[in-house]
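Mind looking over this structure? Questions follow.
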Amino acid sequence: MPRRRQALLLPGRNYGVQGPLLMFAHVALQSRGAHTYPVEWKGADRLASDERTMVDGVCDQVEAVLDRVHDDGPPDRTGANADPVLLVGKSLGTAAAVLAAHHGLPAIWFTPMLQHYSVLQALRRATAPYLMVGGTDDPSWNRSLARELPGEVCEIPGADTGMFVRGRPLVDSVHVLADIVEAVETFIDTAVWPRHG
C-alpha cells in the first residue's frame with residue numbers, strides 16, 4: 001500500500017500560493033502523490049504587526065489546518081501508513097518553523113525570516129530535515145547564520161525576496177527559478193520522501 005503524503009502550503013504576506021515558488025513546489029508535491037493543503041491567512045496584516053503576534057498567529061492557524069489534515073486520515077488514526085506532513089512556507093509562512101520544530105516536521109522555507117529570533121531558534125532546534133532558499137539581496141537573508149543552521153541551504157546570488165535578480169535580463173530570474181525547483185525536487189526525493197531503487 002502506498003504511503004500517505006501530505007503537505008501544507010503557507011503563503012507570504014503578499015505572496016500567495018499561486019506565486020511561482022509555491023506553485024512549482026505544489027506541482028512537484030502533487031506529482032509525487034501528495035495531498036496539498038493551501039493555507040489562506042486570516043488577518044495577514046495583523047499577523048505581521050510584531051514578532052510575537054506573527055509567530056503565535058501563524059502557528060495557531062497552521063495547527064488548525066494540521067488538525068484537519070489528521071482528521072482526514074485513516075480511520076484507525078494511527079498514521080502508521082502516513083509520512084510526516086511537509087510544511088512549505090514563504091516569508092510570513094516561515095514563522096511556522098516554530099511548529100515544525102515542536103512537531104518534528106520536515107519543511108521547505110522560501111526566504112525564511114532569519115531576522116526574527118523565534119524563527120531562528122526554531123530552525124536551530126529542528127530535528128526533521130529542512131531546506132532554506134534565500135537570496136543575497138533579500139534583507140531577511142543572512143548567509144552566515146544560514147550556514148550555521150542544520151538545514152540544507154540553496155542560496156541565490158543577487159536575488160531579492162521574490163527571487164528576482166534585479167537589473168539583469170528577466171531570463172536570469174527564470175534560470176534562478178529553475179535552479180530552485182531543482183533544489184526543491186532533489187530535497188523532496190532525498191530528504192523528505194526518498195525514492196527507493
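Just so it is clear, the values below take in all heavy atoms, side chains as well, and ignore hydrogens, waters and symmetry mates. The first residue in the sequence is number 1, and the count goes up from there.
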Legend entry - Nearest-0.5 Å distance, CD of residue Glu51 to OG of residue Ser118: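 It is 4.0 Å, given to the nearest 0.5 Å.
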
Inset, instruction - With rounding to the nearest 0.5 Å, note down the distance linking CD in Gln121 to CG in Leu149. - result: 9.0 Å

Legend entry - Fellow cluster residues of Leu170, listed by chain then number, with links counted only when side-chain atoms sit under 4.5 Å apart: Phe164

Inset, instruction - State which residues pass side chain to side chain contact (heavy atoms under 4.5 Å, CB included) with Pro139; sequence neighbours excluded, sorted by chain then number. - result: none

Inset, instruction - Using a cut-off of 6.0 Å, state whether more than 12 heavy atoms not belonging to Glu182 lie near its atom CD. - result: no

Inset, instruction - Over all heavy atoms of both residues, which pair between Trp193 and Gln6 is shortest? Give the atoms and the distance, please. - result: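 Closest heavy-atom pair between Trp193 and Gln6: CZ2-O, 3.9 Å.
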
Legend entry - Partner set under side chain to side chain donor-acceptor pair (under 3.5 Å) for Ser144, not counting sequence neighbours: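 Applying side chain to side chain donor-acceptor pair (under 3.5 Å) to Ser144 gives Asn142.
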
Inset, instruction - Could you check if a side-chain atom of Val133 sits within less than 4.5 angstrom of a side-chain atom of Thr111, using non-hydrogen atoms only? - result: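 They are not in contact (no side-chain heavy atoms under 4.5 Å apart), so the answer is no.
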
Legend entry - Shortest non-hydrogen separation from Val88 to Ala25 and the atoms involved: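 So the two residues come closest at CG1-CB, 4.1 Å.
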
Inset, instruction - Find out if a path of hydrophobic residues (ILVMFWY) with successive side-chain heavy-atom gaps under 4.5 Å connects Val174 to Phe24. - result: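 No; tracing contacts between hydrophobic side chains, which count when under 4.5 Å, never links both residues.
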
Legend entry - Beyond-backbone contact of Pro150 with Tyr130, side-chain heavy atoms, under 4.5 angstrom: yes

Legend entry - Check against side-chain contact (heavy atoms from CB on, under 4.5 Å), Val184 and Leu131: CA-CA 8 Å; Val184 165; Leu131 170 68; 4.2 Å; yes

Legend entry - Side chain to side chain, Tyr37 and Val69, heavy atoms closer than 4.5 Å: yes

Inset, instruction - Calculate, to the nearest 0.5 Å, the distance between atoms CD and CG belonging to Gln61 and Leu8 respectively. - result: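 CG of Leu8 is found 12.0 Å from CD of Gln61.
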
Inset, instruction - Check whether Val27 and Leu87 end up in the same hydrophobic cluster, where Ile, Leu, Val, Met, Phe, Trp and Tyr are linked by side-chain heavy atoms less than 4.5 Å apart. - result: no

Inset, instruction - Would you list the pairs meeting salt bridge (charged side-chain N to carboxylate O under 4.0 Å, His left out) in which at least one residue belongs to residues 19-35, sequence neighbours left out? - result: Arg32-Glu185, Arg32-Asp189

Inset, instruction - Please assess Leu29 against Leu86 for the test side-chain contact (heavy atoms from CB on, under 4.5 Å), listing each intermediate value before the final yes or no. - result: CA-CA 10 Å; Leu29 293 164; Leu86 173 66; 3.5 Å; yes

Enumerate, atom names and distances included, each donor-acceptor pair closer than 3.5 Å involving a side-chain atom of residues 13-23, sequence neighbours excluded.
residue	atom	partner	partner atom	Å
Arg13	NE	Asp45	OD1	3.1
Arg13	NH2	Asp45	OD1	3.2
Tyr15	OH	Leu21	N	2.9

Legend entry - Cluster link Ile180 to Ile188, ILVMFWY, side chain under 4.5 Å: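 In one cluster: yes.
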
Legend entry - Donor-acceptor contact present, side-chain Thr186 to main-chain Ala183, <3.5 Å: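 Between the backbone of Ala183 and the side chain of Thr186 there is no qualifying donor-acceptor contact (under 3.5 Å).
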
Inset, instruction - Consider only side-chain heavy atoms of I, L, V, M, F, W and Y, link residues closer than 4.5 Å, and tell whether Val165 and Phe110 are in one cluster. - result: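 In one cluster: yes.
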
Legend entry - salt bridge (charged side-chain N to carboxylate O under 4.0 Å, His left out) pairs, two or more places apart, involving residues 88-107: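 Not a single pair qualifies under salt bridge (charged side-chain N to carboxylate O under 4.0 Å, His left out).
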
Legend entry - Which residues share a side chain to side chain contact (heavy atoms under 4.5 Å, CB included) with Ala191, sequence neighbours left out: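 Checked Ala191 against side chain to side chain contact (heavy atoms under 4.5 Å, CB included); matches are Pro129, Glu152, Phe187.
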
Inset, instruction - Quick one: which residue pairs count as a salt bridge (charged side-chain N to carboxylate O under 4.0 Å, His left out) with a foot in residues 106-117, not counting sequence neighbours? - result: none

Inset, instruction - Find the distance between CD1 (Ile156) and OG1 (Thr136) and round it off to the nearest 0.5 Å. - result: 9.0 Å

Inset, instruction - Please step through side-chain contact (heavy atoms from CB on, under 4.5 Å) for the pair Leu66 and Val85, ending with a clear verdict. - result: CA-CA 8 Å; Leu66 281 172; Val85 176; 3.8 Å; yes

Inset, instruction - Give every residue pair that meets the salt bridge (charged side-chain N to carboxylate O under 4.0 Å, His left out) criterion with at least one member in residues 134-148, sequence neighbours excluded. - result: Arg124-Glu148, Arg143-Glu155, Arg147-Glu155

Please list, one pair per line, the donor and acceptor atoms closer than 3.5 Å that link side chains of residues 53-60 to other protein atoms, with sequence neighbours excluded.
residue	atom	partner	partner atom	Å
Thr53	OG1	Asp50	OD1	3.1
Thr53	OG1	Asp50	OD2	2.8
Asp56	OD1	Arg52	NH1	2.9

Inset, instruction - Salt-bridge test for Arg4 and Asp83: reply yes if a basic N is under 4.0 Å from a carboxylate O, no otherwise. - result: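 Result for this pair is no, no salt bridge flagged.
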
Inset, instruction - For Gln115, look at atom CD and say whether over 12 heavy atoms of other residues, nucleotides or ligands are found less than 6.0 Å away. - result: yes

Using atom types as modelled, flag every donor-acceptor pair under 3.5 Å from a side chain in residues 101-109 to any protein atom, sequence neighbours excluded.
residue	atom	partner	partner atom	Å
His103	NE2	Glu63	OE1	3.3
His103	NE2	Glu63	OE2	3.2

Legend entry - Exercise: identify the closest heavy-atom pair between Ala95 and Val119: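 That closest heavy-atom pairing would be CA-CG2, 3.9 Å.
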
Legend entry - Straight-line distance of Leu145 CG to Leu123 CG, nearest 0.5 Å: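 Going from the CG atom of Leu145 to the CG atom of Leu123 covers 10.0 Å.
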
Legend entry - salt bridge (Lys or Arg N to Asp or Glu O under 4.0 Å) partners of Arg46, counting only residues at least two apart: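 With neighbours one apart ignored, the set is empty.
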
Legend entry - Path from Val39 to Met113 over hydrophobic side-chain contacts below 4.5 Å: yes

Inset, instruction - Indicate yes or no: at least one non-hydrogen side-chain atom of Trp41 is less than 4.5 angstrom from one of Leu92. - result: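 A side-chain contact under 4.5 Å exists here.
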
